[in-house]
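For clarity, every value in this text was computed on a predicted model and none was experimentally measured. Order of appearance sets the numbers: ligands from 1, and atoms from 1 within every ligand.
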Amino acid sequence: MTIDVATGISRILKQEGVGWVSTFPVCRVNNALGREGVPMLMMRDDRYAVAVADAFSRITAGSRIGVCTFQGGVNAAGMQYAYAGMAQAYEDGSPVLCITDGVPAGSSGNSQYDVASAMKTVSKWFGYLDKPERTPELMRRAFTMLRSGRPGPVILAIPNATATYDETADPYRPVKGWKSAPDPADVRAAVDQLLGARNPLIYAGEGVIYAGASEDLKALAELVNVPVITTLKAKGAFPENHPLFVGVRGDQVAHYLNKSDLILAIGSSLSPGRFSHGIPDAAKKTIIHCNVDELHINKMYPTAHAVIGDARLTLQALRQEVSDRTSGAGRTAGNVAAEVRAARHEALARYRQVMVSDEKPINPYRVYGDLMEVLDLRNSFVTHESGNTRDQLSTVFDTLIPRGFLGWGNVSTLGFSLAAAIAAKKAFPGRASVAVTGEAGLGYMLGNLEVLLREKLGITVVHISNGGFAGYGPGFWGPGHDPFTHQVLGPDEVDMSKVIGALGFHTERVSEPAEIIPALRRALDVNTSGRPAYIEFICCQYPVYGQWVGRSAE
Ligand SMILES: Cc1ncc(C[n+]2csc(CCOP(=O)(O)OP(=O)(O)O)c2C)c(N)n1
Ligand SMILES: [Mg+2]
């Protein structure tokens with residue numbers, strides 16, 4: 001049967017199990033999506049169209065692919081705005097499918113902004129559908145890349161969505177996605193070094209979550225009796241109430257990174273970014289790098305040994321090898337768990353104290369402590385914003401299940417938390433979904449709040465209202481790093497609960513510490529009937545949190 005490209009793409013998306021597509025109009029595939037019965041989640045700008053689909057892929061660990069459409073072609077206004085979302089997805093390695101209009105044959109090179117070269121810098125693959133018959137081929141390639149290897153965004157540009165082809169000539173079959181297992185000799189060499197180390201440390205990255213390998217990570221850590229740290233993006237890959245869990249950041253993490261003589265990195269690129277640790281004194285440590293992508297091996301640090309393959313298959317192979325060598329007994333090495341407990345206890349003491357503080361304005365840690373109290377940590381979702389909320393929450397928020405918390409942002413683009421909370425609600429409708437933001441993140445979100453009302457997405461936006469941009473470091477204010485650009489109209493001048501309440505949200509403004517828990521409970525309660533909530537907590541400026549470790553020795 002002869003169909004047009006847009007219809008073919010819509011049908012293939014349905015075959016691939018895609019339940020909805022986020023969009024900001026226009027895109028020439030959208031009408032076919034509508035006709036074929038693929039629901040569209042219409043966001044209020046193109047960046048959020050990408051970000052919601054991106055976050056959906058992250059939260060489902062790529063088991064359900066987020067798909068978005070936005071305007072491209074010769075009038076690439078949408079794409080120019082979507083670029084921010086694409087760049088973030090690429091930076092963080094998220095397997096999102098972006099469909100846009102392509103520049104038609106005969107129109108290339110006429111505009112200043114070159115679509116193809118721009119998109120190639122922010123994608124794992126940029127496909128240009130230059131012939132209608134290639135629709136199944138390019139969709140197959142797209143889903144192969146989305147489901148195999150190192151995750152990353154894929155873009156498909158459609159220059160002529162109304163061109164037709166014979167749907168039966170090359171029938172589409174859904175793509176499974178494929179994994180690679182490590183070389184057994186590399187596994188043996190890694191275990192030789194691991195069992196010979198005095199102070200090994202496991203450094204777990206988001207690849208563990210994408211591989212669905214959290215249980216395998218736990219099993220290996222227990223077998224070899226080795227402490228675990230996770231990256232910001234991998235927060236939750238290892239249960240944070242586990243006796244071997246050190247942390248994501250903070251003094252205890254610094255202590256273990258410094259003390260280790262061997263680092264078993266798994267599912268992390270080990271790139272020392274702005275929001276990750278360096279490996280101090282790396283040349284004096286043995287770095288075993290288990291990764292799906294050879295591009296990261298020997299990238300920043302001398303890799304003593306690499307194990308290339310899928311994180312789950314690698315962890316299982318390592319575990320089997322250790323078990324075989326030790327007759328199932330594993331590695332015994334003193335009372336590692338007691339040391340971890342003591343290090344955590346000492347490093348977290350200052351935060352635990354403020355998590356129960358009665359001070360006014362409210363200490364932000366009190367909000368986080370109360371949030372942990374109110375939420376069922378095994379059945380909820382929390383994410384941070386760029387700024388203090390990221391740094392503070394990733395220091396103290398106990399994450400018990402993978403994606404119970406989404407840490408994001410090798411480069412953190414303000415506003416992403418709203419997209420993440422929406423995606424979490426779409427992925428797990430029964431879970432409470434909370435975005436914790438400051439003023440700047442809220443500013444980015446405002447235009448998109450209408451979506452929550454229209455789509456009946458019961459999520460809660462928690463605003464740590466501190467009247468200024470704290471950002472990072474000691475804060476923008478006072479002796480901070482950007483004292484001339486920190487102040488915005490704060491709670492004394494603007495009542496955001498009234499502004500957002502007028503839209504139709506359940507809103508509250510809380511300045512009494514004792515009111516935090518009841519207010520959160522009311523918000524989560526209205527969320528269950530599909531009504532979004534916004535709670536403004538009048539907080540003090542408190543830019544204190546765990547630090548990232550640098551690359552030089554202490
Ligand atoms: C798109 C984008 N532009 C600029 C920044 C730089 N930046 C990081 S945090 C921040 C201010 C955050 O202030 P606020 O939202 O009030 O959070 P607080 O740290 O006060 O909790 C800025 C401007 C960014 N992360 N993203
Ligand atoms: Mg602020």
- Pair Glu536, Ser465: side-chain N/O donor-acceptor within cut-off below 3.5 Å: yes
- Query: Applying a 4.0 Å heavy-atom criterion (strictly less than), which segment of Thr437 is in contact with ligand 1: side chain, backbone, both, or neither?
  - Reply: neither
- Is the distance between the Mg ion (ligand 2) and the nearest N/O/S atom of Asn466 smaller than 2.8 Å? yes
- Query: Which pairs with one or both residues in residues 75-96 pass salt bridge (Lys or Arg N to Asp or Glu O under 4.0 Å), sequence neighbours excluded?
  - Reply: Arg58-Asp92
- Query: If you measure only the distance, is there a donor-acceptor pair under 3.5 Å linking the side chains of Glu240 and His242?
  - Reply: no
- Examine ligand 1 and decide if any of its atoms is less than 4.0 Å from a heavy atom belonging to Gly443. no
- Would you call Asp358 and Arg366 a salt bridge, taking side-chain N to carboxylate O under 4.0 Å as the test? yes
- Message: For the residue pair Asn241 / Asp398, report whether a side-chain donor-acceptor contact shorter than 3.5 Å exists.
- Response: no
- Of all the N, O or S atoms in Glu439, which one sits nearest to the Mg ion (ligand 2)? OE1
- Task: Find all atoms of ligand 1 within a distance of less than 4.0 Å from any non-hydrogen atom belonging to Glu439, and give their numbers and elements.
- Result: 14 (P), 15 (O), 16 (O)
- Query: Going by the atom numbers of ligand 1, which of them fall below 4.0 Å from some non-hydrogen atom of Tyr444?
  - Reply: 1 (C), 2 (C), 3 (N)
- Could you list the atoms of ligand 1 found under 4.0 angstrom from a heavy atom of Ala470? 13 (O), 18 (P), 19 (O), 20 (O)
- Note on the structure: For Gly387, the ligand 1 atoms with a heavy-atom partner under 4.0 Å come out as 9 (S), 19 (O)
- Mark the output for Thr413 as yes if a heavy-atom distance to ligand 1 is under 4.0 Å, and as no if none is. yes
- Report the C-alpha separation of Tyr365 and Gln392 in whole Å, then their side-chain angles, then the decisive distance to 0.1 Å, and conclude whether the side chain to side chain donor-acceptor pair (under 3.5 Å) test is met. CA-CA 8 Å; Tyr365 282 98; Gln392 295 171 340; 4.6 Å; no
- Message: For a distance under 2.8 Å, tell me if Gly468 has an N/O/S atom near the Mg ion (ligand 2).
- Response: yes
- Query: Does Arg390 make a cation-pi contact with Phe275, if we ask for NZ or CZ under 6.0 Å from the ring centre and within 45° of the axis?
  - Reply: yes
- Please could you name the atoms of ligand 1 that Gly441 approaches to less than 4.0 Å, counting only its heavy atoms? 15 (O)
- Query: Does Ile464 reach ligand 1 with a nitrogen or oxygen that is under 3.5 Å from one of the ligand's nitrogen or oxygen atoms?
  - Reply: no
- Task: Please say whether the positively charged group of Lys235, taken as NZ for Lys or CZ for Arg, lies over the ring of Phe405, i.e. under 6.0 angstrom from the six-membered ring centre and within 45 degrees of the axis.
- Result: yes
- Message: Between Asn291 and Ser269, do the side chains contain a donor N or O and an acceptor N or O under 3.5 Å apart?
- Response: no
- Message: One residue to check: Pro543. Relative to ligand 1, which of side chain, backbone, both or neither has a non-hydrogen atom less than 4.0 Å away?
- Response: neither
- Message: Need the ligand 1 atom indices (1-based, order shown) with element for anything under 4.0 Å from a heavy-atom of Asn388.
- Response: 18 (P), 19 (O), 21 (O)
- Message: Quick check with a 6.0 Å cut-off and a 45 degree axis cone: is Lys233 positioned over the face of Trp408's six-membered ring?
- Response: no
- Task: Output the list of atoms in ligand 1 that are nearer than 4.0 Å to some heavy atom of Gly468, sorted by atom number.
- Result: 16 (O), 20 (O)
